[in-house]
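Input: a single structure, listed below in structure tokens.
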Amino acid sequence: MRFKQLDLNLLVALDALLQERNISRAAERVHLSQPAMSNALGRLREYFGDDLLIPMGRQMVLTARAESLQQPVREILLRVDSDVVAPATFDPATSLRAFSMLVSDFTTTVFMPALLRALYARAPGVQINLKPQARTPHELLEEGEADFLIIPMQYVSSLHPCVPLFEDDYVVVSWDGHSTVRESLTREQYLQAGHVVSSYGSAGSRNQPVLEGWFLEREGISRRIEVTAATMAALPSLVVGTDRLATVHRRIALHAQQHLPVRVWPTPMKIPQLVQMLQWNKLREADPGLRWIRDLCLEIGAQI
């Protein structure tokens, strides 16, 4: 099928090439052989009168023309997927669709169990693929690699719609054998202690501990960080047997308290609440399946 002499089948190959910047990976992505993808690239180069991808050392880089095509081609395919390919209706009781969500370990621990229980009861054939926020999550959302993103309010993209999902506040967790924090936790004790913190490359500055920017900006202080981990859910377990403290979301702390020898304290300074947001690609608003999942997420978020 051709549109103004362009074989429309080549758009899928072009999208894969622009995303992967590698012929072998692009071929694997769309289930083609490497020779077939090489042939597709040759035809695309001929049509656009441009190399599109240029070898540079051991990798390939996009030309300026390829860069300009990347977003429009992705948007075209997302529109087709949402408005043309997706069923006009969605029956949760019989659907076998798969949906993907970009979530942190915090969201996986405190939100997903309730959502999955509801899905098991109402949409038993629906599959959920939980993906880590290992790289810039907005890129995966825009590329169509994920249907939903659950992320704190301060990190949402202004380019796509979002709604508040649920809120949580912060507390401090200590080992119940802590040598000095016994009856209460004072500001002085908090600042003198060593801290176990979480750090995510996808939120804020790369490898920046989650709360450090707030402490420096609002309090003018820097905590003594002794352990950094790419997880929030595991922080309470990392203070056990030490005099370190961990500042975590209340739901994480209460969950940990059920099986760990830890105590939970109010923060000695006021820390703004966490507002978790649900975000989706603006090009997929019309998909009835995504709308149903979104409504279910909001229902569960209001209950937890």
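For the atom pair CZ of F148 and CD1 of I128, the computed distance is 8.5 Å after rounding to the nearest 0.5 Å. Here the straight-line distance linking atom CD1 of I150 with atom OG of S104 works out to 8.0 Å at 0.5 Å rounding. To the nearest 0.5 angstrom, E75 atom CD is 6.0 Å from K282 atom NZ. Separating the CD atom in Q279 from the CG atom in L141 is a distance of 6.0 Å, to the nearest 0.5 Å. Of the inter-residue distances, the one linking L14 atom CG with R45 atom CZ reads 11.5 Å to the nearest 0.5 angstrom. Note that the CG atom of L52 and the CG atom of L69 stand 7.0 Å from one another [nearest 0.5 Å].
Under a cutoff of 6.0 Å and an axis angle of 45°, R294 and W280 form a cation-pi pair.
At least one side-chain heavy atom of L260 sits less than 4.5 Å from a side-chain heavy atom of P236. Taking the side chain as every heavy atom from C-beta outward, T242 and V227 never approach each other to under 4.5 Å. The shortest side-chain heavy-atom distance between Q59 and N22 does not fall under the 4.5 Å cut-off. Contact annotation: the side chain of M153 never approaches that of Q276 to less than 4.5 Å [non-hydrogen atoms, C-beta and beyond]. Under the 4.5 Å side-chain criterion, counting only non-hydrogen atoms from C-beta, V239 is not in contact with L245.
For the side chain to side chain donor-acceptor pair (under 3.5 Å) test, no residue two or more places apart in sequence or in another chain qualifies with S68.
Shown here is Q70, whose CD atom has more than 12 heavy atoms of other residues, nucleotides or ligands within 6.0 Å. Counted within 6.0 Å of CD on Q71, heavy atoms from surrounding residues, nucleotides or ligands total 12 or fewer; the atom is thus considered open. The environment of Q303 atom CD is dense: over 12 non-hydrogen atoms of other residues, nucleotides or ligands sit within 6.0 angstrom.
A salt bridge between R224 and E226 is present, with a side-chain N of the basic residue lying under 4.0 Å from a carboxylate O of the acidic one. The pair R284-D147 meets the salt-bridge criterion, since a charged nitrogen lies less than 4.0 angstrom from a carboxylate oxygen.
Counting all heavy atoms, side chain and backbone alike, M112 lies closest to V103 at SD-CG1, 4.5 Å. For the residue pair P164 and L298, the shortest heavy atom distance occurs at O-CD2, 3.5 Å.
When hydrophobic clusters are built by joining Ile, Leu, Val, Met, Phe, Trp and Tyr residues whose side-chain heavy atoms come closer than 4.5 Å, directly or via intermediates, L254 is not grouped with L238.
D105 places a side-chain N or O within donor-acceptor distance of the main-chain N or O of M232, the cut-off being under 3.5 Å.
Among I293, I300, D295, the one residue that satisfies the side chain to side chain contact (heavy atoms under 4.5 Å, CB included) test with C297 is I293.
Contacts classified as salt bridge (Lys or Arg N to Asp or Glu O under 4.0 Å) and involving residues 160-172 (residues at least two apart or in different chains) are given here: D168-R251, D169-R250.
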Would you give me the side-chain donor-acceptor pairs under 3.5 Å for residues 32-42, sequence neighbours excluded?
unit_1, atom_1, unit_2, atom_2, d
S33, OG, A36, N, 3.2
Q34, OE1, S24, OG, 3.0
S38, OG, Q34, O, 3.1

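Taking the six-membered ring where the residue is Trp, F99 and F90 present perpendicular rings, their angle passing 60° and hence far from 30°.
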